[in-house]
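For reference, the structure discussed in these notes is given below.
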Amino acid sequence: MPFIDFVSKKLGRRSSRLLSASENLLRSIPGVERTVQKEYDGLMAELEPSLKPYRDSFPSFSRLPETGRGQSDILREMEALKQTEEERWKEGYASGAVYHGDDGHVDFLNQIYALHSQSNPLHADLWPSAAKFEAEIVAMTADMLGARRSETTADEDARVCGTVSSGGTESILLAMKTYRDWARDKRGITEPEMVAPVTAHAAFDKAAQYFGIKMKRIPVDGGFKADVEEARAALNKNTIVVVGSAPSFPHGTIDPIEELSTLAQTAGAGFHTDACLGGFVLPWAEQLGYEIPAFDFRLPGVTSISADTHKYGYAPKGSSVILYRSPELRRYQYYTTADWPGGLYFSPTFAGSRPGALSAACWAAMLSMGQEGYLEATKRILETGAEIKTGIREIPELYILGDPLWVIAFASDTLDIYRVMDYMTGCGWSLNGLHKPSCVHICTTLRHTQPGVAERFIDDLRSAVAHVRRNPHEEGGMAPIYGLAATMPLRGVVSDLLKRYIDMLYEV
Ligand SMILES: Cc1ncc(COP(=O)(O)O)c(C=O)c1O
């Protein structure tokens with residue numbers, strides 16, 4: 001993650017000048033804010049070349065060209081950009097990021113995208129095919145996640161249903177907004193709270209911020225699973241939803257969804273399973289004979305699930321599914337207005353117009369994979385995950401956090417794990433540096449199931465550990481910085497820098 005790397009590095013170098021017990025107080029002292037801003041400017045100037053690497057090699061545009069450029073010129077340029085960027089992920093050096101990526105699969109999805117590039121699900125009259133694709137994506141995902149098996153009634157209001165969204169974050173935001181509105185309507189809750197393990201995705205914090213929900217984070221146990229007793233203690237009359245991950249992004253562990261969802265049900269709250277990562281892996285893992293704890297609609301307390309088609313569903317980026325236990329709950333997600341001069345208006349998700357081509361390509365990905373394809377892909381990923389775990393366990397200085405299947409976080413008691421990551425970055429790997437506790441993870445995808453990739457990872461990791469063991473006090477790199485970014489008291493400075501970073505993304 002070059003962005004985090006950079007910000008952490010710069011922060012680490014300069015933060016010592018800024019540290020103080022009280023950030024607000026410090027920054028209110030005359031001149032301090034100006035100094036801080038100057039520091040930011042310096043950091044951003046240093047960041048610029050790595051963030052804008054194409055300024056010298058490709059033309060930039062801050063206003064429209066007077067006459068249109070030739071299409072072949074544009075295509076040539078875009079082809080060159082693609083080639084520069086694709087090797088790393090294609091060769092399996094990335095953690096997560098591209099989940100399928102085989103040429104044949106990508107070419108097929110591109111053809112589908114081209115066929116439907118003009119379609120917009122907002123206009124269901126013009127493109128009823130878009131509505132068909134989305135309805136079937138939702139139905140197939142619900143079926144995979146225990147919907148059919150959980151249905152004991154023909155009652156329409158007890159039918160698992162959902163919508164397609166643009167990604168995991170949107171699915172989570174939609175679900176949290178839904179619970180807020182449902183709880184206000186049904187339970188009169190005006191000060192809503194959600195209970196989520198510390199390991200649940202940042203999207204839940206984002207939802208809490210956006211929708212005025214109080215976030216109650218609960219700790220995880222020694223196995224990196226949500227602590228059920230802490231969840232019980234966090235519940236109160238304002239709890240609208242409890243959250244669990246299947247599995248979590250940081251450590252790939254599955255929370256005790258059965259216990260947590262029972263707690264939520266008893267308290268009259270909703271329960272959301274975040275299966276963004278695992279929704280298209282765990283059902284097949286179960287069929288393959290892996291011991292997978294219950295996490296889906298077969299548990300009566302589970303009232304919503306997010307599952308990302310654009311991860312292990314192998315659709316192109318830009319799609320996910322949010323499922324609800326009943327149409328009644330789903331209706332709290334919808335937006336409708338009957339009074340606007342623009343006419344009757346309604347939309348199921350946050351966006352208005354949406355890219356129908358992404359839903360078409362998602363639908364096509366799911367159909368072309370089929371049950372057999374997902375089973376085979378899952379088998380390959382879990383076998384490769386097992387190979388990686390064995391390799392890590394054979395390195396005495398390292399240990400694996402929790403008991404994951406394919407998202408594997410590892411740490412060390414004797415070596416600085418961020419130095420190990422530095423070395424891996426030097427070998428071309430793009431791994432995720434995590435904190436609280438300090439560790440590194442690799443999210444195994446089909447890219448890593450290519451011959452030789454897992455061996456290369458373990459060989460490089462072995463060399464990394466040997467190098468760090470020989471050179472424990474080596475200077476430079478990211479290692480001294482990572483921990484500091486997590487523990488630094490001036491959180492406002494960290495946050496400001498992240499915002500400055502986003503500003504810079506939008507500079508030409
Ligand atoms: C468990 C989990 N939930 C949610 C998300 C957010 O998904 P997205 O990046 O598609 O918004 C992720 C992303 O990695 C995830 O791993």
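The basis for the numbers below is simple: all heavy atoms, side chains too, and nothing from hydrogens, waters or symmetry mates.
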Trace of the side-chain hydrogen bond (donor to acceptor under 3.5 Å, both in side chains) decision for T449 with T384: CA-CA 6 Å; T449 68; T384 304; 5.1 Å; no
State, to 0.1 Å, how close V281 and L277 come at their nearest heavy-atom pair, and which atoms those are. CG2-O, 4.0 Å
Can you tell if the side chain of L398 reaches within under 4.5 Å of the side chain of V465, non-hydrogen atoms only? yes
Distance, nearest 0.5 Å, that separates CD of E259 from CG of L299: 9.5 Å
I'd like to check D102 versus L446 (side-chain heavy atoms, cut-off strictly below 4.5 Å). Are they in contact? no
Report, as yes or no, whether the 6.0 Å neighbourhood of atom NZ on K225 holds more than 12 heavy atoms from other residues, nucleotides or ligands. no
A quick test of your reading: do over 12 heavy atoms of other residues, nucleotides or ligands sit less than 6.0 Å from CD of Q265? yes
Check salt bridge (Lys or Arg N to Asp or Glu O under 4.0 Å) between R393 and all other residues, then give those that pass, not counting sequence neighbours. none
Any donor-acceptor pair under 3.5 Å from N471 side chain to E474 backbone: no
Apply side-chain contact (heavy atoms from CB on, under 4.5 Å) to residues F350 and Y210 and explain how you reach the verdict. CA-CA 12 Å; F350 294 131; Y210 280 12; over 6 Å; no
If you count the non-hydrogen atoms of other residues, nucleotides and ligands that lie under 6.0 Å from CD in E86, is the total more than 12? yes
So which atom in E507 and which in R55 form the shortest heavy-atom distance, rounded to 0.1 Å? O-NH2, 4.2 Å
Hey, are D496 and K499 close enough for a salt bridge, meaning a charged N less than 4.0 Å from a carboxylate O? no
Heavy-atom pair with the smallest gap, counting every atom of F280 and T141: CZ-OG1, 3.7 Å
When rounded to the nearest 0.5 Å, the distance separating OG of S412 from CD1 of I392 is 12.0 Å
Show, in sequence, the C-alpha distance, side-chain angles and deciding distance for M194 and F204, and conclude whether the side-chain contact (heavy atoms from CB on, under 4.5 Å) test is met. CA-CA 9 Å; M194 79 167 92; F204 292 96; 4.1 Å; yes
According to salt bridge (Lys or Arg N to Asp or Glu O under 4.0 Å), who are the partners of K177, at least two apart in sequence or on a separate chain? D181
Counting only heavy atoms from other residues, nucleotides and ligands, does the tally under 6.0 Å from CD of E79 exceed 12? yes
Taking every non-hydrogen atom, the tightest pair across S306 and I172: OG-CG1, 4.0 Å
Is S304 reaching over with its side chain to a backbone N or O of Y324, donor-acceptor style, under 3.5 angstrom? no
When you look at CD of E85, are more than 12 heavy atoms from neighbouring residues, nucleotides or ligands closer to it than 6.0 Å? yes
Would you say the side-chain atoms of D255 pair up with the backbone N or O of A226, donor to acceptor, closer than 3.5 Å? yes
Any sub-3.5 Å donor-acceptor pair from H441's side-chain atoms to N432's backbone N or O? no
Polar side-chain atom of D416 near backbone of Y418 as donor-acceptor pair, under 3.5 Å: yes
Between R217 (side chain only) and A196 (backbone N and O only), is there a donor and an acceptor less than 3.5 Å apart? no
Are any of the side-chain heavy atoms of K379 and W284 separated by less than 4.5 Å? no
Roughly how far, to the nearest 0.5 Å, is CG of L431 from OG of S95? 6.0 Å
Least distance between heavy atoms, I292 atom then A285 atom: CD1-CB, 3.8 Å
Are side-chain heavy atoms of I395 and F410 found at a separation under 4.5 Å? no
Contact check, side chains of T378 and Y290, non-hydrogen atoms, under 4.5 Å: no
State the OH-NE2 distance between Y99 and H448, to the nearest 0.5 angstrom. 10.0 Å
Supply the atom-to-atom distance R500 CZ to S495 OG, rounded to the nearest 0.5 angstrom. 12.5 Å
Output, in order, the C-alpha distance, side-chain angles, deciding distance and verdict of side-chain hydrogen bond (donor to acceptor under 3.5 Å, both in side chains) for T84 and Y54. CA-CA 11 Å; T84 311; Y54 299 125; 4.8 Å; no
Salt bridge present between E229 and R232 (N-O < 4.0 angstrom): yes
Can you check side-chain contact (heavy atoms from CB on, under 4.5 Å) on L461 and W429, steps first, answer last? CA-CA 10 Å; L461 195 56; W429 293 93; over 6 Å; no
Under 4.0 Å between a Lys/Arg side-chain N and an Asp/Glu carboxylate O for R469 and E397? yes
Is there a side-chain contact between Y93 and R456 in this structure, where contact means two heavy atoms from C-beta onward sitting under 4.5 Å apart? yes
If you measure only the distance, is there a donor-acceptor pair under 3.5 Å linking the side chains of T349 and S165? no
Side-chain H-bond candidate by donor/acceptor type, S248 with T199, under 3.5 Å: no
Minimal non-hydrogen separation, F295 against P283, with atom names: CZ-CD, 4.2 Å
Residues that F224 engages under ring-ring contact (aromatic ring centres under 6.0 Å, His included), provided they are two or more places apart: H251
Side-chain contact test, heavy atoms from C-beta onward, threshold under 4.5 Å: evaluate it for R88 versus S430 and give yes or no. yes
Note, E136 side chain near M366 side chain (heavy atom, < 4.5 Å): no
S359: what forms a side-chain contact (heavy atoms from CB on, under 4.5 Å) with it, not counting sequence neighbours? E134, I137, V164
Is a side-chain N or O of S438 found less than 3.5 angstrom from the main chain of H435, in a donor-acceptor match? no
Mark yes or no for whether K52, through its side chain, and L505, through its backbone, hold a donor-acceptor pair below 3.5 Å. yes
By side-chain contact (heavy atoms from CB on, under 4.5 Å), P355 pairs with (sequence neighbours left out) L358
Does NZ belonging to K90 count more than 12 external heavy atoms closer than 6.0 Å? yes
Separation of M144 CE from F297 CZ (nearest 0.5 Å): 11.0 Å
So V98 and T445, side-chain contact (heavy atoms from CB on, under 4.5 Å) or not? Walk me through it. CA-CA 7 Å; V98 176; T445 70; over 6 Å; no
Sequence neighbours excluded, which residues qualify as ring-ring contact (aromatic ring centres under 6.0 Å, His included) partners of Y314? H100, Y374
